[in-house]
Amino acid sequence: MSVVQEAIETKKLGGELSASTIEAVVLGYTRGEIPDYQMAALLMAIRLVGMSYDETLALTSVMANSGPRYSFPDCVDKHSTGGVGDKVTLTALPLVAACGAPVAKLSGRGLGITGGTIDKLESIPGWTADLSEERFRAQVERIGLVVGGAGELAPADKVIYALRDTTGTVDSLALIGSSIVSKKAATGSGHLLYDVKAGSGAFMKTPAAARELAELLVRLSASLGIKASALVTDMDAALGSAIGNALEVRESVAFLRGEPVPADLAEVATDVAVRLLELHGVSDPAGSVRRALDSGAGYEKFAEFVAAQGGDVDALVDLPVSSSVRVVSAPAGGFVGAFDALGVAQGALELGAGRQTKEDTLDLGAGVELLVRVGDEVSAGDPVARLYGTRSVDRATALVLGALTIGPDPVTPTPHVLDRL
Ligand code: URA
């Protein structure tokens with residue numbers, strides 16, 4: 001029997017895989033020596049039976065070591081498990097960098113309902129994530145904030161994730177945890193904050209499931225020498241009011257420039273920044289973040305970072321979005337009970353703000369702007385959202401309206417930060 005056949009038999013019967021078996025299978029699959037059907041059988045057995053903590057840690061280590069590894073022990077980083085309108089990287093990280101904690105971040109493009117940070121930043125004319133390792137390192141040293149493309153990090157995770165995505169094996173706590181932490185360990189930042197989203201627009205649908213994942217991420221990180229903590233934040237509703245690449249950069253710039261933004265965005269961005277400064281050992285983290293906002297130092301850091309990566313800073317104050325705008329109106333009067341993140345994201349996807357397949361081209365100026373929030377009172381005919389873009393506008397309108405629940409009774413909005421670890 002081959003090593004992968006033995007692993008399938010062991011896991012099928014509820015046994016535990018040794019670290020050496022996990023290494024042989026993962027590296028064998030990454031080199032193309034193990035066929036998809038055997039790896040898929042093993043992943044399904046893992047999905048159904050689960051993995052012990054030791055197995056999960058072994059899988060995380062071997063995937064982290066399967067490609068290049070960076071080392072930025074003094075740097076901080078954050079990871080979001082993916083949300084709708086999630087612009088915490090664009091808002092919290094400039095604040096953190098402005099407060100003296102350097103940030104070295106490797107990011108990806110979006111697929112499905114959650115947008116990628118690189119797609120968002122590419123809506124700034126000239127901005128690029130295509131940096132050599134030398135330039136990436138030099139920018140950390142010089143301005144303390146860099147965002148590059150994740151490229152070849154953790155290649156084993158890349159091929160295994162692609163297989164999981166098509167074989168019904170994504171939704172496994174051990175596989176999700178090892179996948180996320182392997183990439184973070186390969187990036188090499190010494191301090192890490194996980195923002196685990198819970199709700200309709202997130203992987204984890206309940207706060208309890210999100211907490212379980214958060215605990216695993218923090219534990220795996222600690223085992224690999226990374227100082228980590230986590231927040232569980234709400235994703236039943238989109239974060240802030242903007243969903244779409246240029247729209248989200250505009251809202252982030254507004255926050256950093258001290259202009260009014262929805263309270264949930266301000267709260268989560270500030271909370272993440274404070275937690276990162278705590279992890280880094282900065283004294284008075286809350287006061288530091290407040291001063292970076294009040295003085296404009298957070299915005300100045302963002303502008304410095306944009307310029308360093310070729311972006312047009314002058315464009316930031318009025319970043320272009322699609323000039324084709326449709327206003328969606330409330331079908332009835334009452335109180336907004338929900339503006340479901342998943343439905344709104346599907347509307348934005350139809351408009352071209354996201355990719356349904358890797359080959360899709362984005363409309364960076366497309367998306368949805370929410371004009372009401374949970375708890376607001378509206379009259380029939382009041383504007384509730386603006387849709388930007390020219391693709392599938394009727395379908396997007398139906399999806400956004402379908403996401404809106406209006407009822408006769410007043411509604412108390414839920415907190416935005418649901419749990420802290
Ligand atoms: N995000 C990842 O990076 N990996 C998973 O398995 C799920 C979400």
Side-chain angles (χ1 to χ4, degrees), residues 22 26 29-30 39-40 42-48 50-51 55-67 69 77-84 86 88-89 105-119 147-189 192-206 209-221 224 226 228 230-233 235 341-342 345 354-355 358:
I22 291 172
V26 168
Y29 182 67
T30 309
M39 194 64 185
L42 179 59
L43 290 168
M44 185 54 83
I46 291 171
R47 160 67 184 80
L48 296 175
M51 270 182 147
E55 286 175 299
T56 311
L57 179 58
L59 176 60
T60 310
S61 295
V62 68
M63 292 199 299
N65 289 327
S66 64
R69 280 194 72 155
D77 191 5
K78 67 159 273 284
H79 178 84
S80 158
T81 55
V84 180
D86 183 356
V88 178
T89 291
K105 185 156 187 62
L106 293 166
S107 263
R109 295 181 187 282
L111 187 61
I113 60 156
T114 57
T117 295
I118 289 187
D119 296 319
V147 177
E152 284 314 303
L153 282 188
D157 172 64
K158 207 172 192 169
V159 289
I160 292 172
Y161 188 83
L163 186 64
R164 286 169 57 209
D165 206 22
T166 53
T167 55
T169 51
V170 167
D171 60 341
S172 147
L173 191 69
L175 294 178
I176 295 175
S178 54
S179 166
I180 292 173
V181 178
S182 67
K183 288 179 291 240
K184 291 288 129 185
T187 307
S189 287
L192 199 45
L193 190 274
Y194 293 102
D195 178 10
V196 182
K197 307 284 188 190
S200 76
F203 253 110
M204 296 294 160
K205 299 298 175 198
T206 64
R211 183 172 176 103
E212 205 183 350
L213 176 59
E215 282 169 354
L216 179 61
L217 296 174
V218 170
R219 187 173 173 199
L220 287 170
S221 301
L224 295 172
I226 303 166
L231 297 175
V232 175
T233 60
M235 197 32 71
L342 183 59
R355 293 182 190 83
K358 268 192 277 187

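Read the numbers this way: they start at 1 and go in the same order the structure lists the ligands and their atoms.
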Legend entry - Point-to-point distance, once rounded to the nearest 0.5 Å, from NZ of Lys183 to CG of Asp77: 12.5 Å

Inset, instruction - Starting at OG of Ser221, measure out to CG of Leu192 and round the result to the nearest 0.5 Å. - result: 5.5 Å

Inset, instruction - Return yes when Ile176 approaches ligand 1 closer than 4.0 angstrom through a heavy atom, no otherwise. - result: yes

Legend entry - Taking atom 3 (O) of ligand 1 as the reference point, the nearest protein heavy atom with its distance: Lys183 NZ, 2.5 Å

Inset, instruction - Please check if the side chain of Asp86 supplies one atom and the backbone of Gly82 the other of a donor-acceptor pair under 3.5 Å. - result: no

Inset, instruction - Look only at interatomic distance and state if Tyr161 has a nitrogen or oxygen under 3.5 Å from any nitrogen or oxygen of ligand 1. - result: no

Legend entry - Ion pair Lys78/Asp195, N-O distance below 4.0 Å: no

Legend entry - Nearest neighbour in protein (non-hydrogen) for atom 1 (N) of ligand 1: Ile180 CG1, 3.9 Å

Legend entry - Numbered atoms and elements of ligand 1 in range of Ser179, under 4.0 angstrom, heavy atoms: 2 (C), 3 (O), 4 (N), 5 (C), 6 (O)

Legend entry - Thr187-Ser189 side chain donor-acceptor pair, cut-off 3.5 Å: no

Legend entry - For atom 8 (C) of ligand 1, the protein heavy atom that lies nearest, with its residue and separation: Phe203 CE1, 3.3 Å

